[in-house]
Amino acid sequence: MADAPNSPTNNFIRKIIADDLAANAHGTKVLTRFPPEPNGYLHIGHAKSICVNFGLAEEFGGQCNLRFDDTNPEKEEQEYIDAIKSDVQWLGFQWADEVKFASNYFPQFYAWAIHLIEQGKAYVCDLSAEQASEYRGWATEPGKPSPYRERTVEENVDLLTRMKAGEFDEGSCVLRAKIDMASPNMNLRDPILYRIRKETHHQTGDEWCIYPSYDFAHGQEDAIEGVTHSICTLEFQDHRPLYEWFTENLPVPSTPKQYEFGRLSINYTVTSKRKLKQLVDEGYVNGWDDPRMPTISGMRRRGYSAQALRNFCDGLAVAKTDGTVDIAQLEFEIRNDLNDNAARAMCVLNPLKVVISNFPEGEVKTLTAALHPNKEEMGTRELPFTKELYIDKADYSEDTTLGRKKFKRLVLGDHVRLRGAYVIKADETIKDENGEIIEIRATLVEGTIGANPPPEQKPRGVIHWVSATESVAATVRVYERLFNVENPGKDSESFLHDVNKVSLSVVENCFVEPAAAACAPETRFQFEREGYFVADKIEHTSEKPVFNKTIGLRDSSKK
RNA sequence: UGGGGUGUCGCCAAGCGGUAAGGCACUGGGUUUUGAUCUCAGCAUGCGUAGGUUCGAAUCCUGCCACCCCAGCCA
């Protein structure tokens with residue numbers, strides 16, 4: 001895969017793979033894997049991991065597995081599996097053959113547990129969780145051996161068999177590896193291999209009541225699948241010795257190696273499945289795919305394109321630093337992609353009626369407008385012009401002292417260009433009994449479609465508009481940041497305290513030009529001078545259009 | 001605290017002993033029927049810090065400091 005234009009020139013994992021290939025360390029193929037636990041929806045951080053794993057594989061002519069690390073039935077659900085598959089595909093990646101599940105290998109894991117017992121390297125421990133914690137010791141003090149550490153092979157096999165048969169209650173015992181209770185690495189102080197969970201599993205039903213721990217599963221899953229480079233995040237560095245202990249002490253078919261890189265954090269949001277689930281469960285947002293969520297499905301519904309997300313991820317470093325990327329970096333990629341690929345259209349969010357005095361009543365003049373100012377190949381759309389129009393309230397002022405540089409919009413007595421149409425002059429303001437402006441009377445300057453008026457009628461600027469009679473009433477949802485602070489929860493009791501309570505505004509009675517209203521759900525537009533918008537995936541119809549604001553245009557006006 | 005990591009511009013980041021790439025953000029100029037796009041220019045005598053080695057150090061050595069991770073029968 002070619003580097004994205006701004007992507008870091010290299011990274012340490014890429015070098016390792018290139019060196020391994022050169023040294024023929026794993027043969028000539030590269031196999032990576034993306035191993036989510038199906039306990040929530042994927043977020044922007046996972047998008048990075050997906051891009052790294054699938055991207056590296058693709059770059060070296062290899063493949064990437066999608067494998068569900070489903071070793072804990074308590075938190076996992078089929079809904080998450082479906083959503084994760086859909087998100088990966090939407091991003092444009094295809095996993096190697098069929099989807100994999102850790103649960104596919106449960107019988108093998110069990111056989112290997114018996115193997116470890118027979119080698120004297122595992123034992124059933126009856127310590128309670130609290131006792132085990134005490135026995136584990138602390139940073140400066142070594143742990144003490146469990147009183148059950150020296151059970152015989154026969155006894156351990158019998159006990160494990162009965163654990164599997166469901167004879168014991170949850171929490172009454174576990175299977176542990178016999179490694180080193182004095183290790184400075186806590187993960188090596190006789191880690192748990194199996195625990196009892198009398199819970200129905202989404203894949204295996206009630207077939208098992210003992211479930212392997214992450215450590216006892218992950219490396220073996222990689223080994224079974226022939227993964228060559230097992231790429232994970234920094235917090236697993238301390239687990240690498242354990243990962244290797246299993247591949248060394250078990251008759252695994254291959255010996256994958258684990259490499260860790262820094263997980264992605266972004267300011268003004270959270271990237272933690274636990275926290276995101278809380279936002280959903282406690283009603284701060286309307287579901288995992290709420291456009292304010294940093295989930296892949298949320299960003300999709302917001303109107304972010306898969307390409308923009310991939311460009312963003314490809315621009316991130318794969319390194320061991322754990323920094324926080326500025327959300328502006330993501331927003332740049334969104335605008336950059338949408339500027340190139342979104343068709344232009346016009347939509348008035350705060351309508352103010354303009355009546356063109358010198359345009360015949362009832363006539364519809366069909367203009368033609370480009371779908372993109374710099375890409376002729378994108379074609380054109382029809383744009384109806386009528387006597388009554390709408391412009392945005394913010395684009396009109398009666399203050400005739402406003403400088404032309406300062407206010408490049410319509411001012412009483414002055415000229416402005418209606419985008420793609422005529423130059424008009426505001427002649428009169430109509431107000432209601434409260435002094436509220438309800439209508440503007442204007443005249444158009446003949447011959448100004450596709451041509452400039454004489455210098456004395458030079459427009460102050462260009463504003464967007466829509467026909468009052470030919471446009472379609474639409475709902476537009478405008479989103480602000482979900483959090484008020486850069487690092488939610490950093491300086492408050494809970495990240496929930498930093499939630500922006502007014503992150504959603506639903507604007508009814510907007511007017512969108514007919515060509516845009518007719519679009520299919522998930523069609524992205526740039527509503528000129530407003531920003532990028534997408535027709536809602538679920539609720540949009542041509543009759544009752546619903547658009548979500550993806551992001552505003554850059555605004556360099558000095559306020 | 002014991003162990004594992006990391007420290008280069010406001011943010012991300014390349015660099016791996018030869019004299020600080022790039023992107024975002026920001027600032028200023030130009031073009032423009034989007035205050036958009038595009039375009040031009042500016043933006044670290046400095047690489048956590050203190051010493052040392054060297055003709056030469058962000059890069060090597062030593063000490064110190066800061067931050068992150070582990071101490072779940074979560075992953």
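Lettering follows sequence order; numbering is per chain, from 1. What you are looking at is a predicted structure, and each value in this text was computed from that prediction instead of being measured.
- Residue A/R136 is classed as a sugar-phosphate contact, given heavy-atom separations below 4.0 Å to backbone atoms only.
- Between B/A14 and A/K15, no contact under 4.0 Å exists linking OP1 or OP2 to a side-chain N or O.
- Look at A/T71 and you'll find a side-chain N or O under 4.0 angstrom from OP1 or OP2 of B/A75.
- Put simply, CG on A/L330 is 19 Å from P on B/G23, counting in whole angstrom units.
- No option in A/Y214, A/F109, A/F216, A/W112 other than A/F216 meets the ring-ring contact (aromatic ring centres under 6.0 Å, His included) test with A/F246.
- Here the two rings, on A/Y422 and A/F385, have centers that are under 6.0 Å apart.
- B/G22 atom P lies 19 Å from atom CG of A/L316, rounded to whole Å.
- The side chain of A/S133 places an N or O atom within less than 4.0 Å of a non-bridging phosphate oxygen (OP1 or OP2) of B/G72.
- Checking the phosphate oxygens (OP1, OP2) of B/C74, no side-chain nitrogen or oxygen of A/R274 falls inside 4.0 Å.
- A/G262 comes within contact range of no nucleotide atom at all, as no heavy-atom separation falls under 4.0 Å.
- Checking the phosphate oxygens (OP1, OP2) of B/A13, a side-chain nitrogen or oxygen of A/T321 falls inside 4.0 Å.
- Rounded to whole angstrom, the span from the CG atom of A/N187 across to the P atom of B/C73 amounts to 11 Å.
- Both tests do not hold together for A/R197 against A/Y211: distance to the six-membered ring centre under 6.0 Å, angle to the ring axis within 45°.
- Using a cutoff of 4.0 Å between basic side-chain nitrogens and carboxylate oxygens, A/D340 and A/K375 are not scored as salt-bridged.
- At the phosphate of B/G35, OP1 or OP2 sits under 4.0 Å from a side-chain N or O atom of A/R529.
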